[in-house]
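First comes the structure, then the notes that go with it.
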Number of protein chains: 2
Amino acid sequence: MADQAAPSGPTGDPSRGMSRRERVRETTLAEIKTTARRHLTEHGPSGVSLRGIARDMGMTAPGLYRYFASLSDLLLALQADFFTELAEAVRGASETVPEDDLDGRILAALRAFRSWAVANESEFTLLFGPPSHEHAGCPHEGEALAASQAFSAMFFTLFDQLLEEERFPVPPESELPPELTERLLAFAEHTGFRSPNVSPGAMRVLVACWVRLYGLVSMEVFRHLTFVMDDMRPMFEAELGAILATVGVRYRPPDDGDLPRQAGPGRR
Amino acid sequence: MADQAAPSGPTGDPSRGMSRRERVRETTLAEIKTTARRHLTEHGPSGVSLRGIARDMGMTAPGLYRYFASLSDLLLALQADFFTELAEAVRGASETVPEDDLDGRILAALRAFRSWAVANESEFTLLFGPPSHEHAGCPHEGEALAASQAFSAMFFTLFDQLLEEERFPVPPESELPPELTERLLAFAEHTGFRSPNVSPGAMRVLVACWVRLYGLVSMEVFRHLTFVMDDMRPMFEAELGAILATVGVRYRPPDDGDLPRQAGPGRR
DNA sequence: CACCGTATGCTAACGGCGTTCACTTTCATG
DNA sequence: CATGAAAGTGAACGCCGTTAGCATACGGTG
């Protein structure tokens, strides 16, 4: 399923053990994705075109078909990249705070999620907006799926630590409708969230948190409240506190003032 | 800006007091929108094209420019229609239950919101998905805005009745960060939600509810959990109960079994 | 070194799209 | 009946994704 037996680790330098041919191919492939992302951020998701990308690279559009099966396939590959970028941003922010401060790690992680979203609106839209096309069977479909699962696995890990510490009362299975219990177990099954702590009640709480976070950030990025509330940060912080209170995490205001207010550029 | 002095009321029969010329114009205009909607539901938001619509109507694309300034403008007009249709669906469901049963009315309203969304995925996407284009200054922009405000006004009304009955403890202003209070007041201001019961704390609760409902329904329609949880209804009902519990509304299972499970066709 | 297969990129072309422009036809009204 | 606005058309421009066929350059092999 995963990479072939590669000499270096899964995140190792990909140009290791490649022929010259393969290296230049990898280079143009990266250039295509870079250019595509620039078009994405500058003109929005619908402004990405193979012809435009090729033009910017001094190529012609049909040449790109040596790298991607279609425009959809290219967007799918971008999705994969964005998912891992987002996951790394979240993990990076979380690992900034000491390991024994779980509250701090979770706060940092969720704030990093929002920060990435508002700093990368088009990318966020691609990942979390409506499914753009029925690009079923595209070559990069598996890559995107794997990256999205790696992303959610990160949240699973954080949540599992909360369960481990018994931070909040997990609703007993008897309180859940049987229908819901079924779905929640199927959910844990399919996502591969396995842990001795997992239970339908735990999944119920996790999904509730994720739904709130998703709604909150989506409304901000999609500007469904922004026309009426210019700065969404106070609302985000308030809801963040409310969400985390349901899982026994004590809210704490951000250390730093450089979290995005409107769409302020990140510091680095 | 708005309509000229029209003899009939704002919701009166639009063909009253119109010349023959105006009537046929109104007819083709309606046919355009009907055809556009069919294309929308059949091929998704990106599958709507002026040429395709014209072809289906036995016209040519430039002819449509006598009715809409651009494709974006047509989509904007559709948005307006969908907002009022959704508002009417929600209001209609709510008015099914007796006026003195506020709990029942609210439950019916929110369930109707979800039902409309899953039964009209593309339409929902147009209304609540990412802002598709920067169609600023399109002629139908005002119409869409007004319709969206009329839609939210309906939720305001329901919420105001909860406030009136003092169903839940409204957080006092002193508990809210001043920054947030500012934004909430600006929010109430811009949306025209005026009532003796309105306060920053009340708005805080309202927004929290809306964010959760939006996230819940969006995730279902955009299929962000559906790959992993085939039937979202139990989850919706559970979250609905949790959301309403925060505003003092007692949950009650749906009377009827005909609420959508997967994407089941409505009864009528 | 020559050879050859493959990977890469090109041109040309097809059909579809939004949009503009100049033109005709239709029709209500003075 | 004449007139002028409204409605619709055909041609054209410049985009777009995608396919097919062709040239070229390169890597490994004799």
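Proteins come first, then strands; the chains are lettered A, B, ... in the order of their sequence lines, and each starts at number 1. Note that this is a predicted model, so its numbers are computed, not measured.
Using a cut-off of 4.0 Å between Lys/Arg side-chain N and Asp/Glu carboxylate O, R37(A) and D81(A) are scored as not salt-bridged.
Rounded to whole angstrom, the span from the CG atom of L50(B) across to the P atom of dG18(C) amounts to 5 Å. With rounding to whole Å, H39(A) atom NE2 is found 16 Å from dG17(D) atom C1'. The CD atom of E22(B) sits 16 Å away from the C1' atom of dT26(C) (whole-angstrom rounding). Rounded to whole Å, atom P of dA7(C) lies 16 Å from atom CE of M59(A). Atom CG of L64(B) is separated from atom P of dC17(C) by 12 Å (rounded to the nearest Å). Straight-line distance from the CG atom of L71(B) to the P atom of dG18(C): 6 Å, rounded to whole Å. At whole-Å resolution of the value, CZ in R66(B) and C1' in dA6(D) are 7 Å apart. Spacing between atom NE2 of H43(B) and atom C1' of dC17(C) amounts to 15 Å, rounded to whole angstrom units.
Looking at heavy-atom distances under 4.0 Å, G47(A) makes no contact with the nucleic acid at all. Using a 4.0 Å heavy-atom cutoff across all strands shown, S49(B) reaches sugar-phosphate atoms only and no base atom. Here F68(B) lies out of heavy-atom contact (under 4.0 Å) with every strand. Among the atoms of the strands shown, base atoms are found under 4.0 Å from some heavy atom of Y65(B).
Within the 4.0 Å cut-off from OP1 or OP2 of dG17(D), not a single side-chain nitrogen or oxygen of R51(A) is found. The side chain of Y67(A) places an N or O atom within less than 4.0 Å of a non-bridging phosphate oxygen (OP1 or OP2) of dG9(C). For the pair T60(B) and dT9(D), the criterion of a side-chain N or O lying under 4.0 Å from OP1 or OP2 is met.
Mapping A61(A) and V48(B) onto DNA chain C by nearest heavy atom places A61(A) at the nucleotide closer to the 5' end. Position along DNA chain D of the nearest nucleotide to A69(A) versus R55(A) favours R55(A) as the more 5'-ward residue.
The aromatic rings of F187(A) and F156(A) sit perpendicular to each other, their planes meeting at more than 60°, with 30° as the lower class boundary. Taking the six-membered ring where tryptophan is involved, the planes of H43(B) and H39(B) are perpendicular, since the angle between them exceeds 60° and thus also 30°.
Atom CH2 of W210(A) sits about 13.5 Å away from atom CG of L216(B), to the nearest 0.5 Å.
Nearest to the side-chain atoms of S70(A) among the listed nucleotides dG8(D), dA7(D), dT18(D) stands dT18(D).
Not less than 6.0 angstrom separates the ring centroid of W116(B) from the ring centroid of F128(B).
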